[in-house]
J.: 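Next up is a structure, given as structure tokens.
First the proteins, then the strands, lettered A, B, ... as listed; each starts at 1.
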2 protein chains.
Amino acid sequence: MTPLRADAARSRERILEAARRHDPRDLRLNDVAREAGVGVGTVYRHFATAHALVEALTFEALDRLAEVARTAAARPDPGHAFETALRAVLDLHLESGGLQAVLLANEDMSEEVAALKSAILTELGSLLERAQAAGVVRPDVSPEQVQRLVCGIEYAVRLGTLQDRDVFVDTLLAGLRAH
Amino acid sequence: MTPLRADAARSRERILEAARRHDPRDLRLNDVAREAGVGVGTVYRHFATAHALVEALTFEALDRLAEVARTAAARPDPGHAFETALRAVLDLHLESGGLQAVLLANEDMSEEVAALKSAILTELGSLLERAQAAGVVRPDVSPEQVQRLVCGIEYAVRLGTLQDRDVFVDTLLAGLRAH
DNA sequence: GCACTATACGGATAGACCATCCGCTTTTGG
DNA sequence: CCAAAAGCGGATGGTCTATCCGTATAGTGC
């Protein structure tokens, strides 16, 4: 990929900056264009779909998610590692509204994001497996199911206030505990 | 309210029938009109907003929900009553895609629906309170929080397959259990 | 600095969808 | 059978999305 032309790089930054001021789950690319001070065409050239723009916005959070997974994998106690990771994952979901869409999408994603996603899922999967082998997490859930449950809890928190976060994540963790 | 004219009653039924073939969370009133064989204007006269139409579609489920709440309230064992009710509530949510929107809405609802909703919430609330008093459900959740958790689990199930339903509801119930 | 080409820009506009309004039709009741 | 009330339908204006292409600008070799 050839490096961006100077004006293109400027536009891209302006677009991202404007997009950050919006809810990633309800992006109006026309609005973003106006607020960024560029034409609509420019937005669509840089990001072919709204999803592509969300992906770019979410990249940092996705990166932190990978970091969380790696850090947790290094912890000795499987149960503690799983719990810490799950809490951190939910927090990231709540901070970055676009994370869920990006993680759940199955197409239209860049190579880069696809690689990150698969690395994250593998890491979190083995984290879960370890906790299950240690007998601290119920054995009848798959990594994908845990992922969907986290998305469900994120959804539930968003239905009310952020105050609910602690009770909800405690409830999920208690529900996932073996026995 | 004066009784409907014959053609109006016929149109209403055709509209409801056509609407039932659609996902309540994504209703195109124009499509409904075409499939019902009536003009768009007719749809909008019968149901001022998409939400009003969903409310009408959901009425039966809402009624069954009230029934569930009443039946559960009659059970002697508080823990069992709560668990049975919660399972039934989730099943109703999964069957009727519009239930969540209707239950969570705070405006634009008919007198009739508002009354049903408040009755349901009261009943389910006292069900929860009983279970908490008996020490079988964690005391730090409110009825509204439980409602949001159920919506979150419904959401999580919809993200995957209906197969997940049992594991997910078990997880939620385990999480809500005291200790 | 200049000319030339590849890139990028902007916004007019086509297409899809929503919801209203009003002239015409049907039903109802006398 | 007739008049008035009630209902019907779809043309229409408004909003939003996404594309296309004529114009403008950055980069490049001289």
J.: For the residue pair A:Ser96 and A:Thr58, what are the closest heavy atoms and their distance?
T.: OG-CG2, 3.8 Å

J.: Distance check needed: C:dT7 P versus A:Arg10 CZ, whole Å only.
T.: 18 Å

J.: Would you call B:Arg177 and B:Glu83 a salt bridge, using N to O less than 4.0 angstrom?
T.: yes

J.: Identify the heavy atoms of A:Lys117 and A:Leu103 that sit nearest to each other, and give their distance.
T.: NZ-O, 3.2 Å

J.: Regarding A:Arg28 and A:His22, do their side chains bring together a donor and an acceptor under 3.5 Å, going by distance alone?
T.: no

J.: Look at the side chain of B:Arg5 against the base of D:dA6 and say whether a donor-acceptor pair falls under 3.5 Å; ignore hydrogens and angles.
T.: yes

J.: To the nearest Å, give me how far apart CZ (A:Phe47) and P (D:dT19) are.
T.: 15 Å

J.: Under 4.0 Å between a side-chain N or O of A:His46 and OP1 or OP2 of C:dA8?
T.: no

J.: A:Asp26 has an atom CG; how far is it from atom C1' of D:dT17, in whole Å?
T.: 13 Å

J.: Using whole Å, report how far CG of A:Asp7 lies from C1' of C:dC9.
T.: 8 Å

J.: Considering just the side-chain nitrogens and oxygens of B:Ser11, establish if one lies under 4.0 Å of OP1 or OP2 belonging to D:dC8.
T.: yes

J.: Considering non-hydrogen atoms only, spot the tightest contact between A:Ala61 and A:Leu92 and give its length.
T.: O-CD1, 4.1 Å

J.: To the nearest Å, how far apart are A:His22 NE2 and D:dT17 P?
T.: 11 Å

J.: Taking all non-hydrogen atoms of both residues, which atom of A:Arg87 and which atom of A:Val169 are closest, and how far apart?
T.: NH1-CG1, 3.3 Å

J.: Whole angstroms only, please: what is the CZ-C1' distance between A:Arg12 and C:dC9?
T.: 16 Å

J.: May I have the distance from A:Leu4 (atom CG) to D:dG27 (atom P), rounded to whole angstrom?
T.: 11 Å

J.: For the CD atom on A:Glu111, are there more than 12 heavy atoms of other groups (residues, nucleotides or ligands in this structure) within a distance under 6.0 Å?
T.: no

J.: How would nucleotides 16-22 of chain C be written as a contact map, 5' to 3', with B for base contact, S for sugar-phosphate-only contact and - for no contact, using protein heavy atoms under 4.0 Å?
T.: --BBBB-

J.: What's the closest nucleotide to the side chain of A:Val38 if the choices are C:dC9, D:dG27, C:dG10?
T.: C:dG10

